[in-house]
Amino acid sequence: MNQNDKLILCVGICVLDIIHVCQEYPEEDSDRRALNGRWQRGGNASNMCTVLRQFGAECEFIGSLSDSKAFSFLIEDCRDRGIVIDHCVYHTTPIAPFSSVILNEINGSRTIIHSNPNMPILSADDFSKIPYERYKWIHFEARNVHETKRMIDSIVQWNAEHPDQRITISVELENRTEKNLPLVADADYVYLSKDFAEIMGWMSKEVAIHNLRKYVKKEAKLVVPWGIEGAIAVDNESDTHFSAMARPPAKVVDTLGAGDTFVASTLYALSNGIPLQDSIDFGCRIAGKKVGFYGYDNIALISDDLLTKIRDQ
Ligand code: ADP
Ligand code: FRU
């Protein structure tokens, strides 16, 4: 199989997002009506697949899924969008993971309360059943350091044994626990979110990227998106620094998944051989447009020169 025809695999969680669009951020213990609302499939890796499919990329999600009725909506949504879920593991859970999300109509801010009563995280043993030869890129939403480390180790081993079928590894540090930091050691690309930087006490994107460099391999490339400040990146080996401005729309309405949209867009460009600078610019352009509308579906309608160039390749 040609490397270009292979899939991008995103490893992480899939959850139900219950979204309320509120006139303003509600007061505690008040009884309000939302302006609008919807249910949506969420979770970082799951959202990334949604965005990748909007670009027409072939991609797969792997993670734990619930066999509860509420979850069938999420599973069908993956199928409708052509997101492969063949290697997911199903669990019987009385309550499936979900997030309550408040979108503030005034500024598009998103407040997320995530709840996962008892869904087990994907294990390295489950992961080891994937057909490695089918993937060109595997992206990890860093969770459960022990299991995820074993998954990454298994790809490093595959790469050593199959140099002509090398799989690119990327890791996103987003989950607010510093225990996940060692997971970046073998990644080719590392994404670090503002939320994660905050728990490390890295209060600016420049400090964050500088400190992150101590934990990555020599050849790694690091990318740090930072909300309205845009994003920066570093090629660790050549010590070359890159930066991209945020591209705010006329009105910001929905920042839920802005980071996932940025990471997926950047990854899509990189996986098509686009240089790091142009890839983070593209990520900021697409994420900037996304925050101007609700959900992810309008991404398919965005016209962008880089997108056209990639599609025409
Ligand atoms: P997260 O969703 O993880 O909190 P960020 O807030 O860092 O992610 O946003 C990721 C990217 O989305 C930023 O680098 C930027 O390009 C874009 N973005 C986020 N918020 C805005 C905004 N208000 N206006 C324009 N672009 C934004
Ligand atoms: C957005 C998101 C939501 C989900 C939450 C989980 O980045 O993936 O879709 O509810 O984060 O932490």
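Counting starts at 1 for both ligands and their atoms, following the listed order. Quantities reported herein were computed from a predicted structural model and do not represent experimental measurements.
A salt bridge is absent between Lys309 and Asp305: the closest approach of a Lys/Arg side-chain nitrogen to an acidic carboxylate oxygen does not fall below 4.0 angstrom. Ion pairing between a basic and an acidic side chain is recognised when a charged N comes within 4.0 Å of a carboxylate O; Lys290 and Asp254 show such pairing. Under 4.0 Å is where a charged nitrogen must lie from a carboxylate oxygen, and between Arg32 and Glu27 at least one such pair does. We find that Arg81 and Asp297 are joined by a salt bridge, their nearest charged nitrogen and carboxylate oxygen being less than 4.0 Å apart. With respect to Glu76 and Arg79, no salt bridge is recorded, no charged nitrogen being found less than 4.0 Å from a carboxylate O.
Considering only non-hydrogen protein atoms, atom 25 (C) of ligand 1 sits nearest to Pro248 CA, 3.5 Å. Gly227 O, 3.3 Å is the protein heavy atom nearest to atom 13 (C) of ligand 1. Counting only heavy atoms of the protein, atom 4 (O) of ligand 1 lies nearest to Arg110 NH2, 3.5 Å. Here the heavy atom of the protein found nearest to atom 24 (N) of ligand 1 is Ile228 CD1, 3.4 Å. Atom 17 (C) of ligand 1 has as its closest protein heavy atom Ala287 CB, 3.6 Å. Atom 16 (O) of ligand 1 has Cys284 SG, 3.4 Å as its closest protein atom, hydrogens excluded (heavy atom only). With hydrogens left out, the protein atom closest to atom 23 (N) of ligand 1 is Val252 CG2, 3.8 Å, a heavy atom. Among all non-hydrogen protein atoms, the one lying nearest atom 2 (O) of ligand 1 is Gly259 N, 2.9 Å.
For the side chain to side chain contact (heavy atoms under 4.5 Å, CB included) with Ile232, the qualifying choice from Leu222, Ile280, Val223, Ile209 is Ile209, the only one to do so. Screening Leu9, Ile155, Val156 against Ile167 for a side chain to side chain contact (heavy atoms under 4.5 Å, CB included) leaves a single residue, Ile155. Screening Thr261, Asp17, Asp260 for a side-chain hydrogen bond (donor to acceptor under 3.5 Å, both in side chains) with Asn47, the sole residue that qualifies is Asp260.
For ligand 1, the polar-atom distance check against Thr255 finds no nitrogen or oxygen pair separated by under 3.5 Å. Inclusion of Gly230 in the set of residues having an N or O under 3.5 Å from an N or O of ligand 1 is warranted.
Expressed to the nearest 0.5 Å, how far CD1 of Ile18 lies from CD1 of Ile102 amounts to 12.0 Å. Atom SG of Cys78 is separated from atom CG of Leu65 by 7.0 Å, given to the nearest 0.5 angstrom.
Numbered from 1 in the order shown, with element, the atoms of ligand 1 that lie under 4.0 Å from a heavy atom of Trp226 read 7 (O), 14 (O).
Relative to atom 11 (C) of ligand 1, the option among Phe196, Phe262, Tyr191 with the closest non-hydrogen atom is Phe262.
Taking the ring-ring contact (aromatic ring centres under 6.0 Å, His included) definition, one finds that Phe140 meets it with Phe127, sequence neighbours left out.
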Pairs under 3.5 Å, N/O atoms on ligand 2 and on the protein: can you put them in a table with the distances?
{"residue": "ligand 2", "atom": "7 (O)", "partner": "Asn44", "partner atom": "OD1", "Å": "3.2"}
{"residue": "ligand 2", "atom": "7 (O)", "partner": "Asp260", "partner atom": "OD2", "Å": "2.9"}
{"residue": "ligand 2", "atom": "8 (O)", "partner": "Gly43", "partner atom": "N", "Å": "3.3"}
{"residue": "ligand 2", "atom": "8 (O)", "partner": "Asn44", "partner atom": "N", "Å": "3.0"}
{"residue": "ligand 2", "atom": "8 (O)", "partner": "Asn44", "partner atom": "OD1", "Å": "2.7"}
{"residue": "ligand 2", "atom": "8 (O)", "partner": "Asn47", "partner atom": "ND2", "Å": "3.3"}
{"residue": "ligand 2", "atom": "8 (O)", "partner": "Asp260", "partner atom": "OD2", "Å": "3.4"}
{"residue": "ligand 2", "atom": "9 (O)", "partner": "Asp17", "partner atom": "OD2", "Å": "2.6"}
{"residue": "ligand 2", "atom": "9 (O)", "partner": "Gly43", "partner atom": "N", "Å": "3.0"}
{"residue": "ligand 2", "atom": "9 (O)", "partner": "Asn47", "partner atom": "ND2", "Å": "3.1"}
{"residue": "ligand 2", "atom": "10 (O)", "partner": "Asp17", "partner atom": "OD1", "Å": "2.6"}
{"residue": "ligand 2", "atom": "10 (O)", "partner": "Ser99", "partner atom": "OG", "Å": "2.6"}

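The cluster map of Ile, Leu, Val, Met, Phe, Trp and Tyr, joined by side-chain heavy atoms under 4.5 Å apart, puts Val11 and Leu173 in the same cluster.
Heavy atoms of Lys289 found under 4.0 angstrom from ligand 1: none, in either backbone or side chain.
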